[in-house]
Engineer: 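Quick one: structure below, then a few questions.
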Amino acid sequence: MSTSPRAFTLSDFDFALPEALIAQHPAPVRSASRLLDGRAAPPADRIFHELPALLREGDLLVFNDTRVVKARVFGEKASGGRLELLIERVLAGNEVVAHMKVSKKPLPGATVHMAGGRAAGGFDATLISRWPDADGPLFRFALHGPAGETPWELMERHGHLPLPPYIERQQNAGHDPDEAEDAERYQTVFARTPGAVAAPTAALHFDDAVLAALAERGVQRASVTLHVGAGTFQPVKTESLAEHRMHSEWYEVPLATLAALERCRMRAGRVVAVGTTTVRTLESWARSGQTTGETDIFITPGFQFQVVQLLVTNFHLPKSTLMMLVSAFAGYEHVMRLYRHAIEERYRFFSYGDSMLLERATSAGRRPAC
């Protein structure tokens, strides 16, 4: 007798995580972080530099080459009240879209003074409207620098790297003593295309030695771009997953990557996605046929994957859309067992934490043989 697929709710993706396991700093060496090999049960505890030996000649490793920008800018209103902008994306001309943290939000038409304001060598920002519509959660600003600088130039000069909210260090107006370390370690070694406000963290473990070992083994490489938005940290607030409104992010799959994917298919290689952002990009392209555009794809158990066979990913927040994605990919029960193992073995969690290697479950919920 057939049974209906399980209907998952938000509570299914909750788990108790000791606060001490939330990584506040990166590992001393990128590839010295731990790697939980979760392709089969029981899992194997490894070190990340062992990853090349776990892949095959002809596999295709796909990275997200987005670069985190200095999108966090501090300033004040004309009244003197302090505010903070987190610039989510740059629009045409001198306009940007941003999150705004302030005690009382200014009205459209108001100008706020960032990094001291234009008269003091910083820049001014005029509020135009909410975004993407009149009830949108973000705000559209026009930026005005002293020499007509672009928003990219103003962020680079006056902004600060936006660390995730669970990294609880001093982050006020750039006086974090660890800012220099973060400037290097919260970027991947192949970050190329600026536009993200959060790093594709699974890729933070790769260094030149691992990349050289992958090449020596015959593992091919390709890249996509998805500019990670701050929405990746927004909690799911509805118990029913169907009621959750997924944030939208811009992506691109280059023609060279499309060709690499086809060659991988022809040689019966496996597509290995580095990070959930790469999964979302590839599966968005597979569903829509669009090589560039906006995606708000929400991957939950029952999703039919078309491209990715293996996934390198970090450990994610309870009740997050990323927990739902990895559960859809490798099987809910299997993933929850892996998380219990990781907590028992004191793996480090979230952006600066450790990683795991997952294999896509079959339609019957079993993982294919390695």
Engineer: Running the 4.5 Å side-chain criterion over Ile, Leu, Val, Met, Phe, Trp and Tyr, what cluster does Val29 land in, apart from itself?
Structural biologist: none
Engineer: Please report the closest heavy-atom contact between Pro132 and Pro137, naming both atoms and the distance.
Structural biologist: CD-CD, 4.1 Å
Engineer: Where does the angle between the aromatic ring planes of Phe329 and Phe305 fall among parallel (under 30°), tilted (30 to 60°) and perpendicular (over 60°)?
Structural biologist: perpendicular
Engineer: Is there side-chain contact between Leu163 and Arg72, with at least one heavy-atom pair below 4.5 Å?
Structural biologist: no
Engineer: Of all the heavy-atom pairs spanning Ile167 and Ala23, show the shortest one and how long it is.
Structural biologist: CG1-O, 4.1 Å
Engineer: Give every donor-acceptor pair under 3.5 Å between a side-chain atom in residues 96-119 and any protein atom, sequence neighbours left out.
Structural biologist:
unit_1 : atom_1 : unit_2 : atom_2 : d
His99  : NE2    : Glu88  : OE1    : 2.8
Thr111 : OG1    : Thr126 : OG1    : 3.0
His113 : ND1    : Asp124 : OD1    : 2.9

Engineer: Would you check if the side chain of Glu283 reaches a backbone N or O of Val307 as a donor-acceptor pair within less than 3.5 Å?
Structural biologist: yes
Engineer: Using modelled atom types and a 3.5 Å cut-off, is there a donor and acceptor pairing between side-chain atoms of Tyr186 and backbone atoms of Tyr352?
Structural biologist: no
Engineer: Scan for salt bridge (charged side-chain N to carboxylate O under 4.0 Å, His left out) pairs involving residues 240-260, sequence neighbours excluded, and state none if there are none.
Structural biologist: Glu249-Arg280
Engineer: Please tell me if the side chains of Phe303 and Phe298 come closer than 4.5 Å, counting only heavy atoms from C-beta onward.
Structural biologist: no
Engineer: Counting heavy atoms not belonging to Glu57, are there more than 12 under 6.0 Å from its CD?
Structural biologist: no
Engineer: When rounded to the nearest 0.5 angstrom, what distance separates CH2 in Trp285 from OG1 in Thr281?
Structural biologist: 12.0 Å
Engineer: With Thr193, which residues qualify under side chain to side chain contact (heavy atoms under 4.5 Å, CB included), at least two apart?
Structural biologist: Asp65, Thr225, His227
Engineer: Do the non-hydrogen side-chain atoms of Val73 and Phe123 ever get within less than 4.5 Å of each other?
Structural biologist: yes
Engineer: Are Phe8 and Tyr339 in one and the same hydrophobic cluster, where Ile, Leu, Val, Met, Phe, Trp and Tyr link if side-chain heavy atoms are under 4.5 Å apart?
Structural biologist: yes
Engineer: What's the verdict on side-chain contact (heavy atoms from CB on, under 4.5 Å) for Arg185 and His25, showing C-alpha distance, side-chain angles and the deciding distance?
Structural biologist: CA-CA 9 Å; Arg185 295 300 302 277; His25 294 272; over 6 Å; no
Engineer: With rounding to the nearest 0.5 Å, note down the distance linking CE in Met324 to OG1 in Thr276.
Structural biologist: 13.0 Å
Engineer: Kindly indicate, with the supporting measurements, whether the criterion side-chain contact (heavy atoms from CB on, under 4.5 Å) is fulfilled by Phe315 and Leu36.
Structural biologist: CA-CA 10 Å; Phe315 295 95; Leu36 179 59; 4.0 Å; yes
Engineer: Is there a path of hydrophobic side-chain contacts, each under 4.5 Å between heavy atoms of I/L/V/M/F/W/Y residues, joining Val62 to Trp250?
Structural biologist: no
Engineer: Quick one: does Asp12's side chain have a donor or acceptor within less than 3.5 Å of a partner on Thr9's backbone?
Structural biologist: yes
Engineer: To the nearest 0.5 Å, how far apart are CG in Leu310 and CG in Leu358?
Structural biologist: 9.0 Å
Engineer: Checking the side chain of Ser33 only, and the main-chain atoms of Asp354 only, is there a donor and an acceptor separated by less than 3.5 Å?
Structural biologist: no
Engineer: For the pair Asn94 (side chain) and Leu143 (backbone), establish whether a donor and an acceptor sit closer than 3.5 Å, ignoring hydrogens and angles.
Structural biologist: yes
Engineer: Restricting to side chain to side chain donor-acceptor pair (under 3.5 Å), what partner residues turn up for Ser240, sequence neighbours left out?
Structural biologist: none
Engineer: Any non-hydrogen side-chain atom of Leu317 less than 4.5 Å from a side-chain atom of Met323?
Structural biologist: no
Engineer: For Tyr251 and Ser288, which heavy atoms make the closest approach, and how far apart are they?
Structural biologist: OH-OG, 3.5 Å
Engineer: Considering non-hydrogen atoms only, spot the tightest contact between Lys77 and Leu83 and give its length.
Structural biologist: N-CD2, 3.7 Å
Engineer: I need the full list of salt bridge (charged side-chain N to carboxylate O under 4.0 Å, His left out) pairs touching residues 140-157, with sequence neighbours left out, sorted by first then second residue.
Structural biologist: Lys70-Glu156, Glu95-Arg140, Glu149-Arg157
Engineer: Only one of Leu311, Leu226, Val274, Ile297 clears side-chain contact (heavy atoms from CB on, under 4.5 Å) with Val279; which?
Structural biologist: Leu311
Engineer: Calculate, to the nearest 0.5 Å, the distance between atoms CZ and OG1 belonging to Phe13 and Thr300 respectively.
Structural biologist: 7.0 Å
Engineer: Check side chain to side chain contact (heavy atoms under 4.5 Å, CB included) between His49 and all other residues, then give those that pass, not counting sequence neighbours.
Structural biologist: Ser31, Ile47, Val210
Engineer: Show me the pairs that pass salt bridge (charged side-chain N to carboxylate O under 4.0 Å, His left out) and involve residues 287-314, at least two apart or across chains.
Structural biologist: Arg89-Glu294
Engineer: Output all residues satisfying side chain to side chain donor-acceptor pair (under 3.5 Å) with Arg340, sequence neighbours left out; order by chain, then residue number.
Structural biologist: none
Engineer: In chain order, what residues pass the side chain to side chain donor-acceptor pair (under 3.5 Å) check against Thr277, with sequence neighbours excluded?
Structural biologist: Asn64
Engineer: Any donor-acceptor pair under 3.5 Å linking the side chain of His334 with the backbone of Gly38?
Structural biologist: yes
Engineer: According to a 4.5 Å side-chain heavy-atom criterion applied to Ile, Leu, Val, Met, Phe, Trp and Tyr, with indirect links allowed, do Val236 and Phe350 form part of one hydrophobic cluster?
Structural biologist: yes
Engineer: Once side chain to side chain donor-acceptor pair (under 3.5 Å) is applied, do any residues pair with Thr292, and if so which ones, sequence neighbours excluded?
Structural biologist: none
Engineer: When you compare the side chain of Phe206 with that of Leu61, does any pair of heavy atoms fall below 4.5 Å?
Structural biologist: yes
Engineer: In the structure I gave you, are the side-chain heavy atoms of Arg46 and Leu54 within less than 4.5 Å of one another anywhere?
Structural biologist: yes
Engineer: How close do Ala273 and Val308 get, counting heavy atoms only, and between which atoms?
Structural biologist: CB-CG1, 3.6 Å
Engineer: Taking side chain as C-beta onward, heavy atoms only, is Phe190 less than 4.5 Å from Arg192?
Structural biologist: no
Engineer: What verdict does the side-chain contact (heavy atoms from CB on, under 4.5 Å) test give for Glu345 and Arg34, after you've listed the backbone C-alpha separation in whole Å, the side-chain angles of each residue and the deciding distance to 0.1 Å?
Structural biologist: CA-CA 11 Å; Glu345 296 298 322; Arg34 298 171 72 187; 3.9 Å; yes
Engineer: Which atom pair, heavy atoms only, marks the closest approach of Val197 to Pro162?
Structural biologist: O-CG, 3.2 Å
Engineer: Kindly compute the distance separating CZ (Arg217) from CG (Leu51), expressed to the nearest 0.5 Å.
Structural biologist: 10.0 Å
Engineer: Same hydrophobic cluster for Leu91 and Phe141, using side-chain heavy-atom links shorter than 4.5 Å among ILVMFWY?
Structural biologist: no
Engineer: About how many Å separate CD1 of Ile87 and CG of Leu138, when rounded to the nearest 0.5 Å?
Structural biologist: 12.0 Å
Engineer: For Glu262, does the CD atom have more than 12 heavy-atom neighbours from other residues, nucleotides or ligands under 6.0 Å away?
Structural biologist: yes
Engineer: Between Asp45 and His341, does a side-chain contact (heavy atoms from CB on, under 4.5 Å) hold up when you go through it step by step?
Structural biologist: CA-CA 10 Å; Asp45 300 306; His341 176 90; 2.9 Å; yes
Engineer: Kindly say whether the aromatic ring centers of Phe349 and Tyr347 come within a distance under 6.0 Å.
Structural biologist: no
Engineer: Do side-chain atoms of Arg267 reach the backbone of Gly58 as a donor and acceptor pair under 3.5 angstrom?
Structural biologist: yes
Engineer: Keeping to residues at least two apart or across chains, list the salt bridge (charged side-chain N to carboxylate O under 4.0 Å, His left out) pairs with something in residues 306-325.
Structural biologist: none
Engineer: So do the side chains of Arg30 and Phe48 get within less than 4.5 Å of each other, counting heavy atoms only?
Structural biologist: no
